[in-house]
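Values below: every heavy atom of this structure, side chains too, minus hydrogens, waters and symmetry copies.
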Amino acid sequence: MSGNTSASPVIAVPNANARLYNHDLAPIAPAGRTWGVFSIFAMWMSDVHSVGGYTFAASLFFLGLTGWEVLLAMVVGITIVYFLMNLIGRPSLKYGTPFPVVARMAFGVMGANIAAGLRGIVGIVWYGVQTYFASKAVQALVLTFYPSAEAWTHSGFAGLTALGWASFLFMWLFQLLIFLNGMETIRKFIDFCGPVVYIVMFALAIWIVTQTGASSLSLQLSPRAEGSAIGHMANATMLIVAYFAALLLNFGDFSRFAKDERSMKVGNFLGLPVNFIVFAIITVIVTAGTVKVFGEAIMDPVAIVERIGNPIVVAIGSITFIVATMGINIVANFVSPAYDISNLYPGKIDFRRGGLITSILSVMVCPWIFVSSPQAITIFVSIFGAALGPMFGIMVADYYLVKRQQIVLNDLYTMSPNGSLHFDGGWNRMALLALAGSAFIAIGLSLAGAYGLMTNLGDWGWLIGAALGALFYMALMRGREAPVERILHSRST
């Protein structure tokens with residue numbers, strides 16, 4: 001694969017409709033599949049090794065469980081994620097197509113725009129939020145080395161100070177430049193991001209142990225919680241699954257570049273169960289050590305390096321976690337909206353233009369205002385986040401149980417009424433009904449719990465939505481399945 005995604009070798013699709021096809025949405029040819037085990041592994045390191053990932057991993061040890069109970073819940077949760085990622089990644093691996101094209105299998109060649117649009121909105125909003133959080137670290141770094149820049153924090157507009165705007169636009173532009181160079185540059189960037197954070201994390205852990213001694217460390221950071229330990233462990237397990245909810249939809253955007261199924265599975269295994277658990281243990285060692293060194297548990301790694309007081313350490317630590325946040329932002333929140341927006345108007349919007357639109361929209365969201373309102377975040381997560389689970393359930397049920405892993409590749413790119421994915425004018429109404437019904441229930445339960453109207457189901461909402469989506473879809477599609485024999489006959493002709 002070349003440095004520009006538009007030059008990636010693709011499989012030509014005869015008579016492809018311009019409303020459904022461009023070079024970036026086309027199936028990747030074998031020559032373009034350059035992601036080996038390490039690249040998939042590094043992608044997951046970039047997704048986990050961020051300030052948010054650090055805080056999330058540390059928070060699991062504040063659930064009132066013993067260290068071994070947390071570790072067991074983590075093993076179960078991340079193993080579930082591993083198998084689910086393999087399920088959602090296999091169609092893209094087999095056909096070389098990104099998430100919005102795979103969504104056409106269940107929702108129809110036009111109905112996939114609904115699924116892609118919802119995933120795109122989630123990505124755009126969180127992309128802006130992560131960029132804003134990274135910009136705060138940039139601002140802190142500037143103030144550390146140029147205290148006079150504090151004068152720029154007294155005035156501003158649209159909710160940000162002048163220094164805040166400068167820091168945000170710096171992060172915005174830096175990420176955009178990386179993205180516009182294409183998927184191969186993204187691959188090389190995330191190959192660097194994940195490992196470099198490990199270096200800093202191991203250094204922090206070693207420094208903590210030299211300050212406190214290994215005997216003072218504990219894997220339990222809070223008092224024992226009331227109630228059933230099994231119940232708390234189950235909640236922790238689902239919390240881990242929910243953390244990966246976004247990529248549980250669009251992992252295919254990356255698996256399509258994998259060299260083979262072994263590269264995907266081994267990369268997923270190293271990057272998910274192995275990497276996540278190792279990173280979490282290092283995280284809790286550092287967090288536990290801060291209690292003795294600083295008198296309180298500090299869950300922000302940037303704050304830890306700032307407390308050390310050495311300007312060089314502050315600079316290295318801050319820059320490292322800024323880069324790490326960029327890694328997760330590009331992996332989880334940038335690539336998917338770029339493909340999703342391209343899918344809306346393939347003839348006019350390619351991957352690069354989709355990324356540029358994503359960047360512009362992420363600023364228009366005004367993420368600094370968004371994160372200042374807990375109510376806005378609750379509503380957003382409830383409405384859009386609860387739709388991700390049902391979409392996953394529908395797509396997996398369709399591919400494995402309805403289509404039985406047999407798709408006519410050309411039908412992904414045709415508007416012909418004879419195409420097996422044309423349904424009703426390009427829309428599979430059964431899939432849309434299943435999505436609407438399951439999402440309505442999942443969102444309703446989530447909002448009712450958030451506002452105290454019933455027991456808060458927390459992060460079980462994703463599983464409930466996914467299960468309902470699959471069940472509703474299977475029920476609605478009963479008797480409507482395209483027989484495998486007809487699909488195979490259509491492929492042969």
**Message:** If you apply the rule side chain to side chain contact (heavy atoms under 4.5 Å, CB included), what do you find for Lys259 with Met264, and how did you get there?
**Reply:** CA-CA 8 Å; Lys259 292 180 178 179; Met264 182 186 76; over 6 Å; no
**Prompt:** Stepwise, does the side chain to side chain contact (heavy atoms under 4.5 Å, CB included) test hold for Leu177 with Leu173?
**Reply:** CA-CA 6 Å; Leu177 291 175; Leu173 181 61; 4.3 Å; yes
**Message:** Determine whether Tyr345 and Arg19 satisfy the following criterion, side chain to side chain contact (heavy atoms under 4.5 Å, CB included), listing intermediate values before the conclusion.
**Reply:** CA-CA 6 Å; Tyr345 301 101; Arg19 297 173 63 186; over 6 Å; no
**Message:** Between Leu20 and Leu25, does the side chain to side chain contact (heavy atoms under 4.5 Å, CB included) criterion hold? Intermediate values first, please.
**Reply:** CA-CA 8 Å; Leu20 303 171; Leu25 298 177; over 6 Å; no
**salt bridge (charged side-chain N to carboxylate O under 4.0 Å, His left out) between Asp340 and Arg119, worked out** = CA-CA 8 Å; Asp340 297 336; Arg119 175 63 183 92; 5.5 Å; no
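Between the Arg104 side chain and the Leu421 main chain, no donor and acceptor come within less than 3.5 Å of each other. A donor-acceptor pair is defined here as one N or O able to donate and one able to accept, closer than 3.5 Å; no such pair exists between the side chain of Lys265 and the backbone of Asn86. Of the possible polar contacts, none joining the Thr131 side chain to the Trp172 backbone as a donor-acceptor pair under 3.5 Å is found. Tyr95 places a side-chain N or O within 3.5 Å of a backbone atom of Ile407 that can act as its donor or acceptor partner. In this structure a side-chain-to-backbone donor-acceptor pair under 3.5 Å is present from Ser438 to Ala434. Lys136 places no side-chain N or O within donor-acceptor distance of the main-chain N or O of Phe168, the cut-off being under 3.5 Å. Using a distance-only test at 3.5 Å, with no hydrogens or angles considered, a donor-acceptor pair links the side chain of Ser359 to the main chain of Gly355. Looking only at distances, no side-chain donor or acceptor of Tyr473 sits under 3.5 Å from a matching main-chain atom of Met395.
Put simply, the side chain of Phe254 does not reach to within 4.5 Å of the side chain of Leu93, judged on heavy atoms. Proximity of Phe244 to Ile78: side-chain heavy atoms (C-beta onward) are separated by under 4.5 Å at one or more points. Contact of the Leu248 side chain with the Val241 side chain is registered, since non-hydrogen atoms from C-beta on lie closer than 4.5 Å. Contact annotation: the side chain of Ile328 never approaches that of Ser46 to less than 4.5 Å [non-hydrogen atoms, C-beta and beyond]. Taking the side chain as every heavy atom from C-beta outward, Ile322 and Met171 approach each other to under 4.5 Å. Side-chain contact between Ile441 and Phe472 is present, with heavy atoms from C-beta onward closer than 4.5 Å. A 4.5 Å side-chain heavy-atom check between Arg187 and Phe257 finds every atom pair outside the cut-off. Looking at heavy atoms from C-beta onward, Leu412 lies out of side-chain contact with Val109 at the 4.5 angstrom threshold.
At most 12 non-hydrogen atoms from other residues, nucleotides or ligands lie less than 6.0 angstrom from CZ of Phe269. Annotation for Phe174: atom CZ does not count as buried by contact number, only 12 or fewer foreign heavy atoms lying within 6.0 Å. For Phe56, the CZ atom sits in a packed shell: over 12 heavy atoms of surrounding residues, nucleotides or ligands are nearer than 6.0 Å. Heavy atoms of other residues, nucleotides or ligands lying less than 6.0 angstrom from CZ of Phe38 number more than 12.
Pairs engaging residues 414-438 under the ring pair (Phe, Tyr, Trp, His ring centres under 6.0 Å) rule: none recorded [sequence neighbours left out].
Nearest heavy-atom pair, Trp462 versus Gly389, reported as atom, atom and distance to 0.1 Å: NE1-CA, 3.5 Å. Shown here for Pro273 and Asn268, the closest heavy-atom pair between the two residues is CD-O, 3.5 Å. Across Phe41 and Leu270, no two heavy atoms sit closer than the pair CE1-O, 3.4 Å. Across all non-hydrogen atoms, the minimal contact from Leu249 to Ile88 is O-CG1, 3.7 Å. The nearest pair of heavy atoms linking Ser92 to Arg33 is O-NH2, 4.4 Å. For the residue pair Pro390 and Leu435, the shortest heavy atom distance occurs at CB-CD1, 3.9 Å.
Distance OG1/Thr325 to CZ/Phe133: 10.0 Å, rounded to 0.5 Å. Rounded to the nearest 0.5 angstrom, Gln130 CD and Gln175 CD are separated by 9.0 Å. The structure places CE of Met238 at 4.5 Å from CG of Leu463, a figure rounded to the nearest 0.5 Å. In this structure, CD1 in Ile124 is found 8.0 Å from OG in Ser362, a value given to the nearest 0.5 Å. Note that CD1 of Ile240 and CD1 of Ile277 are 8.0 Å apart. Values are rounded to the nearest 0.5 Å. Of the inter-residue distances, the one linking Met85 atom CE with Phe251 atom CZ reads 7.0 Å to the nearest 0.5 angstrom.
Side chain to side chain, Tyr413 and Asn17 fail the donor-acceptor criterion of an N or O pair below 3.5 Å. If you check the side chains of Asp411 and Thr414, you find no donor sitting under 3.5 Å from an acceptor. Judged purely by distance below 3.5 Å, without hydrogens or angles, the side chains of Tyr399 and Arg404 never pair a donor atom with an acceptor atom. A donor-acceptor contact closer than 3.5 angstrom is absent between the side chains of Trp126 and Asn329. Under the 3.5 Å distance criterion, with hydrogens and angles disregarded, a donor-acceptor pair is assigned to the side chains of Asn250 and Asp253.
Taking the centre of each ring, Phe276 and Trp44 stay at or above the 6.0 Å mark. The aromatic ring centroids of Phe351 and Tyr339 lie less than 6.0 Å from each other.
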